[in-house]
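In listed order, ligands and their atoms are each counted from 1.
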Amino acid sequence: MATVINTNLTTLNGFINIQERKYPAATGNLSGLLRSVGLAAKIVNRELTMAGLAEDMMGETGETNVQGENVKHMDVFANEHFIAAFKRGRRCCGIVSEEQDDMVVIDEEGAQYLVCIDPLDGSSNIDVNIPVGTIFSIYKRISKDCLVTKEDFLQPGTKQIAAGYVIYSSSTMIVYTTGDGVNGFTLDPAIGEFCLSHPNMQMPADGKIVSCNLSYKSEFPDFIQRYVDYSFEHDKASQRPYNLRYVGSMVADIHRTLLKGGIFLYPPTTDSPKGKLRLLYECNPISFIIEQAGGASTNGKQRILEMDPTSFHERTPIYCGSKNMVEQMLMMHN
Ligand code: P6P
């Protein structure tokens, strides 16, 4: 019997080309920027898989970043390689990174796109081999005939052109959206390509998983405490108590929520009265993906995507996931 050869391999670059052809006005610049993400993700992935063997890649640099967090060697590595990839790709006019106090201005004639990025989120988990991620958000600049400005980065999340994350785990994946659904690509290290593995990802409207750091429960707003108590009551008809699953690495918790349904909660706490997670390069990109996959994402008062940012590193509470679970939670508020 003839060998059946599976040739319908869709690589990330092939998919980007297909998507680009859907838009006759496309210049190919966004495609080039997305390819830069793919390249940098492969470089970071290679280093992460060997970090335990390269003595100078584990642990901390001894510095603290603008967030006041201890900087890990891999944070610096990821930050430098994503910035270098965007500069080499020549489609980017500016970058806001979790690892940089101020914006990175790139004097690239004609470049229309800017990137907000968390190069390596959850890096405190690297030394114990817990999944970590890169989170990115792409906007079109609004300023003209000048270098990129602060206002270019302070657009609401609804203006995002694209957003995505890389999850470095048992397999390494890129999950992203350009506003036309969400697609997931798994890295095949043997051929060095991200291959389409999760086309048109849709989040279940209902879920049975709650994801939050319960050690802060007594500090949560009342409505969140009520919702958490509701989630863990025994009620067979509504399949409660829900399961508690919390990795403590946002991309890992969000990826599970996207695939299995559930709700992810990071409310304000005493240490983080405005919430811990950053609006520009964590909550906005994650919220764009979640809404594109049919879920919901709110700060308790409004859609995360409708918030008007006022500073590069501002934080926000975030409650996101399965649409019906988020609605149930908001009912506790009202
Ligand atoms: P906590 C990792 O440090 C991070 O920024 C996110 O990836 C994660 O969701 C959150 O913080 C975990 O915070 O306070 O529960 O350790």
What about the rings of Tyr227 and His333, do their centers lie closer together than 6.0 Å?
no
Are the side chain of Asp118 and the backbone of Tyr281 linked by a donor-acceptor contact shorter than 3.5 Å?
no
Exceeds 12 heavy-atom contacts within 6.0 angstrom, atom CZ of Arg90
no
Mind checking whether Tyr266 has an N or O less than 3.5 Å away from an N or O of ligand 1?
yes
Side chains of Gln160 and Asn284: any donor to acceptor distance under 3.5 Å?
no
Using a 4.0 Å cutoff against the non-hydrogen atoms of Gly248, which atoms of ligand 1 qualify?
2 (C), 8 (C), 12 (C)
Which ligand 1 atoms are under 4.0 Å away from a heavy-atom of Asp121?
5 (O), 6 (C), 7 (O)
Would you say Asp229's side chain and Arg226's backbone share a donor-acceptor pair under 3.5 angstrom?
no
Is any N or O atom of Phe264, backbone or side chain, closer than 3.5 Å to an N or O atom of ligand 1?
no
4.5 Å side-chain heavy-atom contact, Arg315 and Leu279:
no
Nearest option to atom 9 (O) of ligand 1, as decided by whichever heavy atom of Arg278, Glu98, Met250 sits closest
Met250
Counting each atom of ligand 1 from 1 as listed, which ones have a heavy atom of Tyr216 under 4.0 Å away?
14 (O)
Which of the atoms in ligand 1, numbered in the order shown and given with their element, are less than 4.0 Å from a heavy-atom of Tyr246?
1 (P), 12 (C), 13 (O), 15 (O)
In terms of atom number and element, which parts of ligand 1 are under 4.0 angstrom from non-hydrogen atoms of Asn213?
1 (P), 14 (O), 15 (O)
Between Tyr113 and Tyr139, ring centroids under 6.0 Å
no
Of all the non-hydrogen atoms in the protein, which one sits nearest to atom 16 (O) of ligand 1, and at what distance?
Lys276 NZ, 3.9 Å
Numbering the atoms of ligand 1 from 1, which are under 4.0 Å from a heavy atom of Ser249?
7 (O)
